[in-house]
Amino acid sequence: MSDIYDVITIGGGPAGLICAITAVTGIPIYTSGSFKGLVIEESEIGAFAKYGKLRVTHRWFFMGHKVMDFLMIDAKEAGLVLLEHEKVIDVDLKSDIKTVETDKGVYKGKKVAICTGFFPHGNMSKYMKYVRVMFSPIELEATFLPEGAHIAILGCSFDTAELALKLKDIRPDINSLVIIGDKLEYNEKYKDLSIHYGTMKINGEIDEALDITLVDLSGKEIESKGHSRGFSRELCGAGKYDIILNAGQELSQGRARGATSVEGQGSGKKPATSSRGSRIHRKHYTNILVDYNSYTLKTGVTDFLKDRGVMLKEGYIKVDNEGNTGIPGVVAAGNIVTPVSGVITALSTGFTAGLNLHTQLYREKFNEPPLLFPWLPMGDPSRHPLYQ
């Protein structure tokens, strides 16, 4: 695109929206934006924040969709351009005019705010009736699983494998596939687990089931030659998943290559065969359990920032108190910059980073500091003691 935005915000959750709104308007009492902003969201604006309660105390909470609805209204009044379902794949942050490349286009801006959050599967938010994000110990989560269920456990570290082992001990009747976003060193105790190293992509919902594709660690979809979309699919009843694996994929280092433990047990059907003879194995899953905690320790959401000058620690971004990343004109905010996750933290860091960006933009345009009182001291905010 030829347009040059004043601010490009990567991430359309609570942190991203409040950061973008504040960056273009200055303070919340102003509705129309003085600057031009773009928000890019990989899934849908709001994602998981729209679901459930945003709890402050035991009795004091807000419904997630209400918070996001108000932010959306403010974003539109501020004149922000909101793009959904665009994945950022590369950035150039060195120049005065920054470049953000997505899978659908290239955008340029004077400032960039990185507010991705740390959870990489925002597109799951549309399918919450099928997905259970685990906040409770596995001993409690196990009580919610139906007898003999076939489940997928999604995580990104050895902790996910440990969780699967515990579940196997507690509920031996449960059949599970463990999907881990990192390669583990071989450990004999994992030999009885079916592990796929990589991730998965939800293609959509068909006949009360999810159409899911497994993706390897290089980002390549696992496919079997001879099928137009890589797989033959058999969708089953309500609430069940269809994940189809290529027999040549190594699911666990504890098993021989080409072997698999996910062969459509109990279906009474032989594994499907492609037109070229390679076998495709089917398995149906009644639940997907997300090992949320594993993503709080390591995330791949910011992989597009590698070697781009931003200081990353296991995917998290190091910033100062104003959200500065160390690259002029680039800030970060939300749960990607702090170990304290949650919407309250996201809003606070997003607001602070947005004030920072607005101050920069205003100074550059008018050669004087903006009036941001009472959020920042009247006059020159840089005179605050903590800025000295």
Side-chain angles (χ1 to χ4, degrees), residues 7-25 28 37-56 61-78 80-88 91 100 102 107 109 111-128 131 133 135 202 290 292 295-296 299-305 310 315-317 319 323 325 330-357:
V7 181
I8 297 177
T9 302
I10 303 172
L17 286 191
I18 194 66
C19 181
I21 292 167
T22 308
V24 300
T25 63
L38 170 70
V39 177
I40 304 172
E41 168 56 42
E42 181 177 348
S43 58
E44 57 184 18
I45 297 295
F48 279 99
K50 295 194 299 186
Y51 301 88
K53 299 174 181 177
L54 310 182
R55 192 171 293 282
V56 182
F61 62 86
F62 304 93
M63 297 307 296
H65 67 92
K66 289 289 187 182
V67 174
M68 294 312 304
D69 285 348
F70 284 127
L71 284 174
M72 283 284 288
I73 292 171
D74 288 344
K76 291 176 180 177
E77 288 183 351
L80 290 170
V81 177
L82 306 177
L83 300 180
E84 295 182 307
H85 307 295
E86 287 204 35
K87 180 180 177 64
V88 174
V91 292
V100 177
T102 74
Y107 308 92
K111 313 291 180 184
V112 171
I114 305 163
C115 307
T116 59
F118 63 80
F119 187 60
H121 300 286
N123 63 335
M124 281 187 176
S125 60
K126 295 190 297 184
Y127 309 106
M128 289 302 292
V131 178
V133 180
F135 298 111
I202 299 177
V290 177
Y292 185 84
Y295 296 101
T296 67
T299 178
V301 166
T302 54
D303 283 351
F304 65 90
L305 292 173
V310 176
Y316 285 83
I317 302 174
V319 297
T325 62
V330 180
V331 302
N335 295 331
I336 198 64
V337 304
T338 171
V340 183
S341 64
V343 174
I344 295 175
T345 305
L347 290 171
S348 175
T349 57
F351 182 55
T352 301
L355 288 175
N356 180 5
L357 287 181

Quiz item: Residues two or more places apart in sequence or in another chain: which of them pass side chain to side chain contact (heavy atoms under 4.5 Å, CB included) with Thr349?
Solution: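 In terms of side chain to side chain contact (heavy atoms under 4.5 Å, CB included), with neighbours along the sequence ignored, Thr349 is linked to Ala333, Val337, Thr345.
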Quiz item: Who are the side chain to side chain contact (heavy atoms under 4.5 Å, CB included) partners of Val91, not counting sequence neighbours?
Solution: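 Partners of Val91 by the side chain to side chain contact (heavy atoms under 4.5 Å, CB included) criterion, ordered by chain and then number, come out as Ile10, Val88, Leu93, Val100, Phe304, Leu305, Arg308.
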Do [X] and [Y] have side chains that get closer than 4.5 Å, going by heavy atoms?
{"X": "Asn335", "Y": "Phe118", "value": "yes"}
{"X": "Val290", "Y": "Met124", "value": "yes"}
{"X": "Leu17", "Y": "Met68", "value": "yes"}

Rounded distance (nearest 0.5 Å) linking atom [atom1] of [X] with atom [atom2] of [Y]:
{"X": "Lys111", "Y": "Asn356", "atom1": "NZ", "atom2": "CG", "result": "9.0 Å"}
{"X": "Cys19", "Y": "Leu355", "atom1": "SG", "atom2": "CG", "result": "9.0 Å"}
{"X": "Leu83", "Y": "Leu38", "atom1": "CG", "atom2": "CG", "result": "5.0 Å"}
{"X": "His65", "Y": "Leu54", "atom1": "NE2", "atom2": "CG", "result": "9.5 Å"}
{"X": "Leu71", "Y": "Ile45", "atom1": "CG", "atom2": "CD1", "result": "10.5 Å"}
{"X": "Met72", "Y": "Leu80", "atom1": "CE", "atom2": "CG", "result": "10.5 Å"}

Exercise. Please confirm whether the backbone N or O of Val310 pairs with a side-chain atom of Thr325, one donor and one acceptor, at under 3.5 Å?
Key: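 Absent.
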Self-check item: Thr116 side-chain N/O to Gly11 backbone N/O, donor-acceptor pair under 3.5 Å
Solution: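 Pair absent, no side-chain N/O of Thr116 close to backbone of Gly11.
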[X] and [Y]: which non-hydrogen atoms are nearest, and at how many Å?
{"X": "Cys115", "Y": "Thr9", "answer": "SG-CG2, 4.1 Å"}
{"X": "Gly117", "Y": "Ile336", "answer": "O-CD1, 3.4 Å"}
{"X": "Tyr316", "Y": "Thr299", "answer": "CE1-CG2, 3.9 Å"}
{"X": "Leu357", "Y": "Ala23", "answer": "CB-CB, 4.0 Å"}
{"X": "Thr25", "Y": "Ile21", "answer": "OG1-O, 2.6 Å"}
{"X": "Ile18", "Y": "Ala346", "answer": "CG2-O, 4.4 Å"}

Practice problem: Tell me, please, which residues at least two apart from Glu84 pass side chain to side chain donor-acceptor pair (under 3.5 Å). | Solution: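 Glu84 satisfies side chain to side chain donor-acceptor pair (under 3.5 Å) with no residue once adjacent residues are dropped.
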Exercise. Identify which one of Tyr292, Tyr295, Phe119, Tyr127 satisfies the ring-ring contact (aromatic ring centres under 6.0 Å, His included) criterion when paired with Phe48.
Key: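 Only one of Tyr292, Tyr295, Phe119, Tyr127 forms a ring-ring contact (aromatic ring centres under 6.0 Å, His included) with Phe48, namely Phe119.
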